[in-house]
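Since the structure comes first, as structure tokens, the remarks are kept for the end.
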Amino acid sequence: MEKTYNPHAIEQRWYETWEENGYFSPDMDTEQTSDSGQDSYCIMIPPPNVTGSLHMGHAFQDTIMDALTRYHRMKGDKTLWQPGTDHAGIATQMVVERIINAEGKTRHDLGREAFIEKIWDWKAHSGNTITRQLRRMGASLDWKRERFTMDEGLSEAVKEVFVRLYEEGLIYRGKRLVNWDPVLHTAVSDLEVISEEENGHFWHMRYPLSDGSGYIIVATTRPETMLGDTAVAVHPDDERYQDMIGKTIKLPLTDREIPVIADDYVDPEFGTGCVKITPAHDFNDYDMGKRHNLPIINILTVDAAINDNAPEKYRGMDRYEARKAIVKDLDEAGLLEKIDEHRLMVPRGDRSGAVIEPYLTDQWYVKIAPLAEPAIKAVEDGDIRFVPDNWKNTYFEWMNNIEDWCISRQIWWGHRIPAWYDDNGNVYVGKDEQAIRQQHNLDDSISLKQDEDVLDTWFSSALWPFSTLGWPDKTPELDTFYPTNVLVTGFDIIFFWVARMIMMGLKFTGEVPFKEVYVHGLVRDSHGHKMSKSKGNVLDPIDLIDGIELETLVEKRTSGMMQPQMAKKIEKQTRKEFKDGIPAFGTDALRFTFAIQATTGRDIKFDMGRIEGYRNFCNKLWNASRYVLMNTEGHDCGMDNDEMEFSLADKWIISRLQQTEQQVIDSLNTYRLDRAAQAIYEFTWNEYCDWYLELSKSVLNNDSASEAQQRGTRNTLIRALESLLRLAHPIMPFITEEIWQRVAPLAGIQGDTIMLQPFPEPQSAQVDQDAVDEMNWLQQFVLGVRQIRSGYDIKPGKPLNVLLANGSDSDKARLQRNETMLIKLARLESITWLDDDNAPESATALVGEMQILIPMAGLIDIDAERERLNKEIESNQGFISKLEAKLSNENFVSRAPEQVVAHERQKLTETQNKLKSLTEQLEKLSSL
RNA sequence: GGGUGAUUAGCUCAGCUGGUCAGAGCACCGCCCUUACAAGGCGGGGGUCAUAAGUUCGAAUCUUAUAUCACCCA
């Protein structure tokens, strides 16, 4: 093996091998599908946008899913991690449209069919970026089953669902106020609208009463909408305006008269207490208009320009142009009271960034209440469990206030709505035109035209857990893997996606789509800020894996900026934070970094120090393995000759391994990847490397050790490492595979890949508590010597003579058994039991009550040792008085559980003995 | 305005159903290139667990209030 861990050299190669050999597949081809009592395990990947590229959120999420998948596969479950991508209607259309625009054309020049053809072309050539990147992450997805939300089978499922919902009256067409994106020319759902506070104005306008008795002042943030006003509303109890109610107003700049009405909705405290009502362009006003039977006057075109319902002067003006003109005209007419600065919530389309207008159009809707009810119940009843649990509150909150889902979009890329119209405007819904003609007895003399709209992308995503498995056909896949086990997702799409999958899954399969929903946090930058292109703080997971030069990174972060003026600042920041660019950490280090920070429900602040530390951990594992291989390759490790003798260290490390395995299993079962990773880290570094490997040297490099002893140690070295590799494989697949290939044969294990080896199962019979206790004693001993050494600046290499006093029989027996190891580990010359009285001046350490004495002659300063002892005594006295206080509290003694009290008593005794021993030492020094 | 979560060492975070004077990594200080590893080894310093009250024999942990921050919804 190479001296230094080099992830590049191993990662790509292993992934190709795994994929080529079909290790990712659950083998549905074999006959034994759902028999044999084998458990199945299935995770659906949240399908990334086909236009997308891997970002830190994906990398985090995929690490979690892959770790779970690999764990279950090794456990022996029939395991499927289902891959695929989403057609991402608006996003994809925009990407391809931009390419066409660059060629000086629009999509309208091409026409619908040719444009869609272009998109398919684009997908064929450029649509696999993200799947390539997923492979770099080591994701063990079964690529043979990769699906796309627009492929044939899934489109079939979409039609099936649409038709059935329509036939049950759960899909309807209606004229409603929708969120209209005037740039994309489509309706968007509430969830696709992002409202943020922006600076704006509050215009106060005078509306004259028709009878000439004065005017009412109304305030608005969108003065151009006044052209569509059909009333002014006040609160029914508002004393200021009682006599106005029922009167009419002469709406300025128009020739219309509108009533003053009373409605509870009006907040008398806000503004003047008078509200202009524009039912066609405001959601609240729309509701109020319905309550009061107000006319609805649409004044905007699809581009959000003023249409022909408005006075001629403003027609054709853009909404903001019209705003200026109207404000000016009002001002000139003396009808502008004042203009205030104002912070207001501005709704923007999440794709286009355009300011959304409420707009009255014909759209398709899903009637959601009947679907929501069982979906709420499924979570209430525990058929679906959220991890962490509190996310169910968010889910309930939304589901209980859910509104009908607008599913039609006025774009070209997507599932076309399976509805046809005849010349009389009758609607027919069916899978295709032919089916409809047949069903409704329509011959060719009647022309049918398909609805131009496509479905919201999330409509097909909602079917993902079963459409990918072949639904509506009854497939073996569906039978085996549905319901799936867990959905791993960020909280940001609980509404978009999770809730809708639950509703659709229950509706069409009668079962929940997944039993658990694991909700993970967001990956932020090291300062806790959201990563975004415009802030220039984005990290690309691939750059962390492969490394990147500073110049390339700067270029990457500053190119194609929406706000080029930010580029300077970003460049400066980047140069400061990454002086030497980013080194190549490798996939395993990145995955480990994510895993160990995957505490449930908490955001991750991505810190370069962490990933560096875990890259070092990979290196540690690598070098430890090198040591093991050096000492086992070509030697008898007990495979051929089972005459072996196991040392204390051997028994101890095997015991600790069992305990670690249990901890990892428990942690993985409860989605605590952080604890699993932590347990692996601590065992590997602090126990296996720091202690066990060192102890093994005193056997392997010791000529007087017997063959059986050496064999026992080699056997333990290799077995423990082999298990550890399997234990760590789900989190760090590449390095474990690479090392395992060499280690496994030495441990007597045949197999082509670690991927398909069984996951370690702890054996309680292998836990030797006596060995654990004795090892603890040995560690205390070594630690005590080291502390003295370090405390008095004694050279690490200088062999010391150690004296022992006040030892029990057990101490003596333990010393006898472990003397060789102690001498080697603590670098001692000799260990001698002392007759009580003739101790020379010494520095002291304690192991329990046994005293370790290191004679000071020529080594140690008496005053310093005295000071140290005094400090130690003081601290122990403090502890004792605390314990005494506790134990003399009658309430404690009588009410606390016996065990706890006994434990405290024991601590007291131990500490008292320790104190006594320390005091003796101090006295000895003082008397000299 | 409603909801959720957070607040523990200089930084990033653990701390499970209350019970070993509060833990890890990074950073810091000291010693060491000891034949697996300087991407390392050994040792060390550092926190009145946001604040206040309460429950309890006992609170970082449970309850309530306050403060600050973050996110979601309106």
Side-chain angles (χ1 to χ4, degrees), chain A residues 1 3-5 190-191 195 267 283-284 345 388 390-394 396-398 401 491-492 494-495 521-522 524 526-530 583 585 589 593 596-597 599 601-631 666-667 670 672 674-675 677-678 681-682 685-686 689-690 693-694 696-697 701 782-783 785-797 824-827 875-883 885-897 899-901 903-904 906-907 910-911:
Chain A
M1 278 170 73
K3 191 175 171 188
T4 304
Y5 163 64
D190 292 347
L191 294 170
S195 289
D267 177 4
F283 288 99
N284 291 316
M345 296 299 279
N390 53 282
W391 283 108
K392 74 179 181 207
N393 297 329
T394 309
F396 288 140
E397 183 62 24
W398 192 67
N401 298 298
F491 56 83
D492 47 333
I494 287 183
F495 307 139
L522 238 54
R524 301 169 174 278
S526 58
H527 308 287
H529 299 128
K530 228 174 186 165
F585 293 115
T593 309
I596 207 161
Q597 292 188 89
T599 54
R602 187 150 178 162
D603 287 354
I604 289 183
K605 287 184 201 170
F606 197 89
D607 183 53
M608 296 302 283
R610 294 295 286 265
I611 190 171
E612 197 179 325
Y614 299 123
R615 188 269 321 262
N616 295 353
F617 175 63
C618 292
N619 190 46
K620 188 77 180 173
L621 178 61
W622 183 264
N623 281 303
S625 304
R626 279 180 58 226
Y627 166 82
V628 173
L629 289 170
M630 280 176 196
N631 285 286
D666 292 345
S667 303
T670 49
R672 291 303 301 261
D674 58 324
R675 288 185 190 165
Q678 190 71 35
Y681 184 95
E682 281 169 4
W685 203 313
N686 303 341
C689 290
D690 286 351
L693 294 192
E694 293 308 319
S696 75
K697 290 172 187 172
N701 302 338
V782 174
L783 208 63
V785 176
R786 281 176 182 165
Q787 278 166 341
I788 291 172
R789 206 185 265 282
S790 171
Y792 294 101
D793 283 339
I794 303 169
K795 289 278 171 203
K824 170 96 182 166
L825 223 59
R827 293 179 181 247
S875 131
N876 276 288
Q877 276 168 338
F879 190 33
I880 286 173
S881 39
K882 245 181 194 183
L883 288 169
K886 204 171 191 181
L887 284 163
S888 62
N889 180 345
E890 218 171 293
N891 277 323
F892 172 70
V893 179
S894 60
R895 295 197 199 187
Q899 240 184 330
V900 174
V901 178
H903 191 82
E904 297 293 308
Q906 194 196 334
K907 274 196 296 193
E910 278 170 10
T911 315

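All values below come from the heavy atoms of this structure, side chains included, with hydrogens, waters and symmetry mates left out. Quick note on labels: first sequence line is chain A, next is B, and so on, each numbered from 1. Keep in mind it's a predicted model, so treat the numbers as computed, not measured.
- Straight-line distance from the CZ atom of A:Arg626 to the C1' atom of B:G40: 12 Å, rounded to whole Å.
- Within 4.0 Å (heavy atoms only), A:Arg786 reaches sugar-phosphate atoms of the nucleic acid but no base atom.
- A donor-acceptor contact under 3.5 angstrom links the side-chain atoms of A:Arg675 to the base of B:C16.
- In this structure, the CD1 atom of A:Ile604 is 16 Å from the C1' atom of B:A70, given to the nearest Å.
- Using the Watson-Crick or G-U wobble rule with both distances under 3.5 Å, B:A60 pairs with nothing in any strand shown.
- The CG atom of A:Leu825 sits 10 Å away from the P atom of B:G43 (whole-angstrom rounding).
- The gap from the C1' atom of B:C29 to that of B:U48 amounts to 25 Å, rounded to the nearest Å.
- Among the atoms of the strands shown, none is found under 4.0 Å from any heavy atom of A:Ser894.
- Within the nucleic acid shown, A:Gln678 comes within 4.0 Å of sugar-phosphate atoms alone, with no base atom in reach, counting heavy atoms only.
- Side chain A:Glu694 to base B:A36: a donor-acceptor pair is found below 3.5 Å.
- Summarising the geometry, the separation between CG on A:Asp690 and C1' on B:A38 is reported as 15 Å, rounded to the nearest angstrom.
- Put simply, CG on A:Leu522 is 15 Å from C1' on B:A6, counting in whole angstrom units.
- Under the Watson-Crick or G-U wobble criterion, with both distances below 3.5 Å, B:C21 is left unpaired in every strand shown.
- Base contact: A:Lys620 has a heavy atom under 4.0 Å from a base atom.
- At the heavy-atom level, A:Arg827 lies under 4.0 Å from base atoms of the strands shown.
- Ring pair A:Trp391/A:Phe491 is parallel by interplanar angle, where below 30° counts as parallel and above 60° as perpendicular.
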